[in-house]
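Order of the sequence lines sets the chain letters (A, B, ...), proteins ahead of strands, with each chain counted from 1.
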2 protein chains.
Amino acid sequence: MGATKTDHFTDKQNAIATLAKALGHPARVAIVDYLLKVDACICGDIVNELPLAQPTVSQHLKELKNAGIIKGEIEGNTICYCLDKNSIDKLQSYFANISIKLEKKKKDCC
Amino acid sequence: MGATKTDHFTDKQNAIATLAKALGHPARVAIVDYLLKVDACICGDIVNELPLAQPTVSQHLKELKNAGIIKGEIEGNTICYCLDKNSIDKLQSYFANISIKLEKKKKDCC
DNA sequence: TTTTTATATTGCAATATTACAATATAGATT
DNA sequence: AATCTATATTGTAATATTGCAATATAAAAA
């Protein structure tokens, strides 16, 4: 017990959950916001932007990368991290679809 | 250590993280999918739809409710759970906004 | 009123996450 | 080559999450 029962759900459900989970921490949302704000890929100063120690930031970046929210390559002693539009679009369309279905429904009982 | 440093981030970042975190588990995504599929609010049979024990499902429902993804009221020995369109829309517009900004960018270095 | 039915709560064990100090790594600079 | 700089990894402690058995709760049905 304690481990998520991933194999009992559909691939799509797991995929959405993985992406959502990656953004389920304010530091990682902040990283995404920062990547958008600077409008660039090379963000060597991201550690200075967050109220967290360098290893912690590195760990959060790793999780975002593992989940597919960002992609990045090592370039010497700097890093090139970019948002992966494909993943963002997956989330966007998932929620847009829900929203549309809720709009049609209107049986607003709660 | 171990606790999330919530107070170091903006309210919006925390709000998005809370909503995303709630959907960061496939069982909770499955619950959302099911609420959409049945197109109704009263979903007493949700326990039978998931590969999890009743207390576990109850706990996931509680987390979805705490995060604001669903709203619900107790009605006798059945439950009326609905998706909260407001929360879904928050997520949808957050990701739509990111997507639009990424579209404009085009400096696809990674 | 007793029983049934459906959901919630409690308690607990297994696992995962969060955070950081210390250290490693590797390209850039001198 | 030695040093600097930026990021990654390791190890570890604190906390959170996941899952379920056992139990509680409360309205409905008998």
Whole angstroms only, please: what is the NE2-C1' distance between A:His25 and C:dA19? 9 Å

Let me spell it out: for each of B:Arg28 and A:Ser58, pick the nucleotide of DNA chain D with the closest heavy atom. Which residue's pick is nearer the 5' end? A:Ser58

Can you confirm whether B:Lys71 sits close enough to B:Lys65 that some side-chain heavy atom of one is under 4.5 Å from a side-chain heavy atom of the other? no

Could you walk me through whether B:Glu103 and A:Lys85 satisfy the salt bridge (Lys or Arg N to Asp or Glu O under 4.0 Å) test, starting with their C-alpha distance in whole Å, then the side-chain angles of each, then the deciding distance to 0.1 Å, before giving a yes or no? CA-CA 8 Å; B:Glu103 194 78 53; A:Lys85 190 167 183 302; 3.1 Å; yes

With heavy atoms under 4.0 Å as the rule, sort B:Gln54 into base, sugar-phosphate or nothing. base

Check the distance between C:dC20's P and A:Leu52's CG and give it to me in whole angstrom. 6 Å

Without decimals, in angstroms, what is the distance between B:Glu63 CD and C:dA16 P? 16 Å

Rounded to whole angstrom units, what separation is found between the CD atom of B:Glu49 and the P atom of C:dA6? 14 Å

Could you state the atom-to-atom distance from NZ of B:Lys21 to P of C:dA16 in whole Å? 16 Å

Can you tell me how far P of C:dA19 sits from CG of A:Leu50, to the nearest Å? 10 Å

Least distance between heavy atoms, B:Tyr94 atom then A:Val32 atom: OH-CG1, 4.0 Å

Any B:Thr56 side-chain nitrogen or oxygen under 4.0 Å from OP1 or OP2 of D:dT18: no

Just wondering, are more than 12 heavy atoms of other shown residues or ligands nearer than 6.0 Å to CG in A:Asp11? no

Roughly how many Å is it from CD1 in A:Ile31 to C1' in C:dA19, rounded to a whole number? 13 Å

So, is A:Tyr81 close to the D:dA8 phosphate, meaning a side-chain N or O under 4.0 Å from OP1 or OP2? yes

What is the nucleic acid contact for A:Gln59, judged by heavy atoms within less than 4.0 Å: base, sugar-phosphate only, or nothing? base

